[in-house]
**Student:** 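Pasting a structure below so you can have a look.
Values in this document were obtained by computation on a predicted structure and should not be read as measured data. Every chain is numbered from 1 and lettered A, B, ... according to where its sequence line falls, protein lines coming before strand lines.
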2 protein chains.
Amino acid sequence: MRGNVAKKLQEPKSASSPTSRSYRIEEQVGYLLRRAHQRASAIFQVGIGDPNITPTQYSSMVKLNEYTELSQNLLGRLVGMDKATMQGVVRRLKERGLVDSRPDPGDARRTLLSLTTEGQRLVNKLLINGPAVSRETMKPLTAQEQRHLLELLSKIV
Amino acid sequence: MRGNVAKKLQEPKSASSPTSRSYRIEEQVGYLLRRAHQRASAIFQVGIGDPNITPTQYSSMVKLNEYTELSQNLLGRLVGMDKATMQGVVRRLKERGLVDSRPDPGDARRTLLSLTTEGQRLVNKLLINGPAVSRETMKPLTAQEQRHLLELLSKIV
DNA sequence: CCCATATCGTTCGTGTACGTACGATGGCCA
DNA sequence: TGGCCATCGTACGTACACGAACGATATGGG
């Protein structure tokens, strides 16, 4: 045993508390979603093929690869990101030369985003690893459980 | 008719790419976990009973309420948070007078954390709302699906 | 045609999340 | 017992996440 920290743990003192009858934080859906998301992000980071690309950057690039050109706001809606969050994601992608932008000729409020040639090249390379990342994330589950999990998550998004 | 610019969405151009046959970002487990976690956090924020308490702060306080006194590092392991993340969470809880700390008399590296009286009062109030938050998050699912989701998430954490 | 209202993108503030580096301390063993 | 290595907490940098406020622009109704 290497660490052996905190050899004697205090005993949980609840179980007798009147307000917390069998409420365990580890069994709450919000807690489990946070932990599962943490693990999925960690697997993504090592498996997607470029440690500098984050899950949200990847999602954005994949969508831009599908649609060619999108306004920042619409892209945010398609990938489920707040416009304030989107702003930072897009700024970093532009700084790295993966995304380009031009004013929308028909609406001066909008900016149209698109992948650069380098962005296209990169996302097509990363897309090869995408399935393996998903597979690794759901490795502890059987094929049926994997399908079921995706179905259940789709319902609560 | 109205301006009509930017009203027509470009058609997704993939589906012919050899590397991305039927890979949809919306069906990937990492993407769904991110979206589901977003929604769970939003529900928590309005339902837990104090808009200034975040999910991670809540988890930390619940654990401190169970164990009375814990080192910062051990608390982080119990609630699944990096020590660097834990540092910020604890600092904010201390600034609000919800958590107190003292040096561990047996190990000068450690700090022992505990809830203040106000922290105990608050967490016991919030714990009343905890079950309702979880229920609301899983509302789109049947009772059986809810059990199944928790089980599947537990396996991939 | 003009104004109320909505949308778009930006900025600021707060908070989670984690890698890395750091200094202090503790445990182990040669 | 002295040195090596692990652990603890902190600090810094980067990135997601979102509410709120803001200015510019667009749209629809009176």
**Student:** Considering only heavy atoms, which members of residues 37-60 of chain B lie under 4.0 Å from some atom of DNA chain C?
**Tutor:**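 When residues 37-60 of chain B is checked for heavy atoms under 4.0 Å from DNA chain C, the hits, listed by number, are B:Thr54, B:Thr56, B:Gln57.
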
**Student:** With a 4.0 Å cut-off, would you call B:Arg147 and A:Glu27 a salt bridge?
**Tutor:** no

**Student:** Counting the atoms with a prime plus P, OP1 and OP2 as sugar-phosphate, which does A:Thr111 contact under 4.0 Å by heavy atoms, base, sugar-phosphate, or nothing?
**Tutor:** sugar-phosphate

**Student:** Starting at the 5' end of DNA chain C, which residue's closest nucleotide do you reach first, A:Ser71 or B:Asp82?
**Tutor:**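 Checking each residue's closest nucleotide, the 5'-ward one belongs to A:Ser71.
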
**Student:** Quickly work out the A:Leu112 CG to C:dG9 C1' distance and round it to whole Å.
**Tutor:**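 So the two atoms are 13 Å apart, to the nearest Å.
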
**Student:** If only atom types and distance count, is the side chain of A:Arg96 paired as donor or acceptor with the main-chain N or O of A:Asn52 below 3.5 Å?
**Tutor:**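 The answer is yes, because a donor-acceptor pair under 3.5 Å joins these two groups.
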
**Student:** Side-chain N or O of A:Arg109 versus OP1/OP2 of D:dA26: is the shortest distance under 4.0 Å?
**Tutor:** no

**Student:** Using every non-hydrogen atom in the two residues, find where A:Leu126 and A:Tyr58 come nearest and quote the distance to one decimal.
**Tutor:**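 Shortest heavy-atom separation between A:Leu126 and A:Tyr58 comes out as CB-CE1, 3.9 Å.
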
**Student:** Which nucleotide wins on minimum distance to the side chain of A:Lys83, given the candidates D:dC18, C:dC8, D:dA11?
**Tutor:**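 Closest of the options to the side chain of A:Lys83: C:dC8.
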
**Student:** Find the distance B:Met81:CE to C:dA17:P and express it as a whole number of Å.
**Tutor:** 6 Å

**Student:** Do A:Glu145 and B:Lys155 sit within salt-bridge range, that is, some charged N less than 4.0 Å from a carboxylate O?
**Tutor:**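 Yes.
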
**Student:** Taking the side chain of B:Thr85 as its heavy atoms from C-beta onward, which of C:dC18, C:dG9, C:dT7 lies nearest to it?
**Tutor:**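 When the side chain of B:Thr85 is considered, C:dC18 is the closest of C:dC18, C:dG9, C:dT7.
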
**Student:** Residues two or more places apart in sequence or in another chain: which of them pass salt bridge (Lys or Arg N to Asp or Glu O under 4.0 Å) with B:Arg102?
**Tutor:**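 B:Arg102 satisfies salt bridge (Lys or Arg N to Asp or Glu O under 4.0 Å) with B:Glu69 once adjacent residues are dropped.
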
**Student:** Any salt bridge between A:Arg24 and B:Glu66, counting N to O under 4.0 Å?
**Tutor:**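 Judged by the 4.0 Å cut-off on N to carboxylate O distance, A:Arg24 and B:Glu66 do not form a salt bridge.
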
**Student:** In this structure, how many angstroms lie between the P atom of C:dT7 and the CG atom of A:Asn73, rounded?
**Tutor:**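 Checked: the CG to P distance equals 10 Å.
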
**Student:** Thinking salt bridges, do A:Glu136 and A:Lys139 make one under a 4.0 Å N-O criterion?
**Tutor:**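 Counted as a salt bridge, because a side-chain N and a carboxylate O are separated by less than 4.0 Å.
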
**Student:** Dump the intermediate steps for side-chain contact (heavy atoms from CB on, under 4.5 Å) on A:Ser114 and A:Thr68, then the final yes or no.
**Tutor:** CA-CA 6 Å; A:Ser114 56; A:Thr68 310; 5.7 Å; no

**Student:** Measuring from atom CD of B:Glu151 to atom CG of A:Leu141, what distance do you get when rounded to the nearest 0.5 angstrom?
**Tutor:** 9.5 Å

**Student:** Which of residues 86-108 of chain B have a heavy atom under 4.0 Å from DNA chain C?
**Tutor:**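 Correct list: B:Val89, B:Arg92, B:Arg96, B:Asp107, B:Ala108.
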
**Student:** Report the nucleotide, chosen from D:dT25, C:dG19, D:dT10, that has the shortest atom-to-atom distance to any side-chain atom of B:Ala84.
**Tutor:** C:dG19

**Student:** Atom CZ of A:Arg110 and atom P of C:dT10: how far apart are they, to the nearest Å?
**Tutor:**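 Rounded to whole Å, this separation is 14 Å.
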
**Student:** Assuming nearest nucleotide by heavy-atom distance, tell me which of A:Arg34 and A:Arg77 is located more 5' along DNA chain C.
**Tutor:** A:Arg77

**Student:** For the pair made of CG in B:Leu33 and P in D:dA17, what is the distance, rounded to whole Å?
**Tutor:**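 The answer, rounded to whole Å, is 12 Å.
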
